[in-house]
Amino acid sequence: MPSMTQRTIPQLFETSVEKYGTNILLWEKRGEKYQGTTYRETRAMVHEFAAGLLGIGIQKGDRVALIAEGRNDWVVSELGILYAGAVNVPLSVKLNEQSELKFRLAHSGCRMAIVSATQAPKVQQLTNDLPDLEKIILLDPAEKYREDEIPLQQLLETGKKYITENPVSLRHSWQSLNEGDPANICYTSGTTADPKGVILTHRNYTANVEQASELLRIPEHYCSLLILPWDHCFAHTAGIYTLMKNGRAWRRCRREKQRWKT
């Protein structure tokens with residue numbers, strides 16, 4: 001098994017949790033107020049999410065699509081995928097043509113898709129044409145569920161049970177990752193030809209985070225507003241993981257950026 005010195009995204013996050021456990025990592029507006037979630041609280045959710053994926057059969061190297069607006073659950077989902085040893089395929093919420101979404105899901109060979117309520121219908125309409133796609137994980141409650149759909153809460157309950165029954169498996173899953181293992185498959189726009197799936201490794205991200213942290217002063221008490229599209233690799237590096245490494249928090253922004261002054 002690779003040593004703990006492997007510079008993976010889960011290792012980066014675990015190190016930050018140990019250093020900044022009580023700092024707020026995520027701010028999300030619920031009702032009229034923003035509520036904070038600490039590094040340590042986020043890790044607990046990530047562990048349950050990842051264990052839930054392992055409990056329903058996700059294995060190292062499997063591809064899982066993530067199609068949702070910016071929110072706390074987006075971050076937990078991506079980290080959960082990576083902790084399970086799988087590869088996240090983050091897709092834009094602006095993909096409205098069925099052919100565009102179908103191509104990316106089929107080309108990457110996604111076994112599962114994690115979707116928000118607004119994105120779920122897009123994937124539900126394609127399942128008959130995607131034999132590799134086994135399950136859809138719904139981040140938001142629905143009135144009824146199909147046989148191939150799993151509510152988020154059910155996945156987390158599966159994760160809790162999995163951790164109890166397999167106390168070492170989750171740790172082995174993320175600690176056995178190599179920094180050269182794929183973390184994301186990010187797709188190009190496809191304006192001139194079929195979209196290209198760009199494979200980005202754990203080390204692609206952690207190296208950029210290290211370099212950015214050396215060049216920029218990033219005090220841990222800062223709070224950032226993230227308005228970049230979260231499926232882009234730049235948003236990952238600049239908006240999520242560089243802040244995570246330095247103990248900072250960020251707020252998600254869906255349609256609220258006009259309320260903020262520079």
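Everything quoted here is computed from the prediction, not taken from an experiment.
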Quick one: does any side-chain atom of [X] pair with a main-chain N or O of [Y] as donor and acceptor, under 3.5 Å?
{"X": "Ser92", "Y": "Lys94", "value": "yes"}
{"X": "Ser173", "Y": "Ala84", "value": "yes"}
{"X": "Thr8", "Y": "His202", "value": "no"}
{"X": "Asp181", "Y": "Asn178", "value": "yes"}
{"X": "Gln154", "Y": "Pro151", "value": "no"}
{"X": "Asn88", "Y": "Ile81", "value": "no"}
{"X": "His236", "Y": "Asp231", "value": "no"}
{"X": "Thr127", "Y": "Val123", "value": "no"}
{"X": "Thr242", "Y": "Thr237", "value": "yes"}

ask   = Passes side chain to side chain contact (heavy atoms under 4.5 Å, CB included), Arg104 versus Val89? Steps please.
value = CA-CA 9 Å; Arg104 289 161 173 81; Val89 183; 5.7 Å; no
If you draw a 6.0 Å radius around [atom1] in [X], do more than 12 non-hydrogen atoms from other residues or ligands fall strictly inside?
{"X": "Phe234", "atom1": "CZ", "value": "no"}
{"X": "Lys19", "atom1": "NZ", "value": "no"}
{"X": "Lys196", "atom1": "NZ", "value": "yes"}

Side chains of [X] and [Y]: does their closest heavy-atom pair fall under 4.5 Å?
{"X": "Leu177", "Y": "Pro10", "result": "yes"}
{"X": "Leu101", "Y": "Ile67", "result": "yes"}
{"X": "Lys102", "Y": "Leu130", "result": "yes"}
{"X": "Thr118", "Y": "Val93", "result": "no"}

Are [X] and [Y] ion-paired here, with the side-chain N under 4.0 Å from a carboxylate O?
{"X": "Arg63", "Y": "Asp132", "value": "no"}
{"X": "Glu100", "Y": "Lys122", "value": "no"}
{"X": "Glu149", "Y": "Lys144", "value": "no"}

Measure the [atom1]-[atom2] distance between [X] and [Y] for me, rounded to the nearest 0.5 Å.
{"X": "Leu105", "Y": "Leu95", "atom1": "CG", "atom2": "CG", "value": "9.0 Å"}
{"X": "Ile150", "Y": "Leu156", "atom1": "CD1", "atom2": "CG", "value": "11.0 Å"}
{"X": "Leu152", "Y": "Asp140", "atom1": "CG", "atom2": "CG", "value": "8.5 Å"}
{"X": "Ile9", "Y": "Asn184", "atom1": "CD1", "atom2": "CG", "value": "6.5 Å"}
{"X": "Leu26", "Y": "Thr38", "atom1": "CG", "atom2": "OG1", "value": "9.0 Å"}
{"X": "Lys161", "Y": "Glu48", "atom1": "NZ", "atom2": "CD", "value": "15.0 Å"}

query = Step by step, would you call Glu14 with Trp174 a side chain to side chain contact (heavy atoms under 4.5 Å, CB included)?
reply = CA-CA 10 Å; Glu14 291 288 331; Trp174 70 264; 3.5 Å; yes
Please determine whether residues [X] and [Y] belong to a single hydrophobic cluster, defined as Ile, Leu, Val, Met, Phe, Trp and Tyr linked transitively by side-chain heavy-atom distances below 4.5 Å.
{"X": "Leu82", "Y": "Ile137", "answer": "yes"}
{"X": "Tyr205", "Y": "Leu25", "answer": "yes"}
{"X": "Met244", "Y": "Leu228", "answer": "yes"}
{"X": "Leu138", "Y": "Leu66", "answer": "no"}
{"X": "Met112", "Y": "Val115", "answer": "no"}

Any luck finding a side-chain donor-acceptor pair between [X] and [Y] under 3.5 Å?
{"X": "Gln6", "Y": "Gln175", "result": "no"}
{"X": "Ser213", "Y": "Asn246", "result": "yes"}
{"X": "Glu179", "Y": "Gln11", "result": "no"}

If I compare all heavy atoms of [X] with all of [Y], which pair ends up nearest, and what's the gap?
{"X": "Ala51", "Y": "Ile163", "answer": "CB-CG1, 3.5 Å"}
{"X": "Glu134", "Y": "Asp148", "answer": "O-CB, 3.7 Å"}
{"X": "Trp74", "Y": "Ala68", "answer": "CD1-O, 3.4 Å"}
{"X": "Glu41", "Y": "Gly36", "answer": "OE1-O, 4.2 Å"}
{"X": "Gly80", "Y": "Phe49", "answer": "CA-CD2, 4.0 Å"}
{"X": "Val64", "Y": "Ala86", "answer": "CG2-CB, 4.3 Å"}

Which label fits [X] and [Y]: parallel for a plane angle under 30°, tilted from 30 to 60°, or perpendicular past 60°?
{"X": "His107", "Y": "Tyr187", "value": "perpendicular"}
{"X": "Tyr83", "Y": "His47", "value": "tilted"}
{"X": "Tyr20", "Y": "Tyr39", "value": "tilted"}

task = Evaluate the side chain to side chain contact (heavy atoms under 4.5 Å, CB included) criterion for residues Arg217 and Tyr222: first the C-alpha distance (whole Å), next the side-chain angles of each, then the deciding distance (0.1 Å), finally the verdict.
result = CA-CA 10 Å; Arg217 180 177 176 269; Tyr222 276 12; 3.7 Å; yes
Residue pair Glu28, Arg71: steps toward the salt bridge (charged side-chain N to carboxylate O under 4.0 Å, His left out) verdict = CA-CA 7 Å; Glu28 186 167 84; Arg71 56 197 289 183; 5.2 Å; no
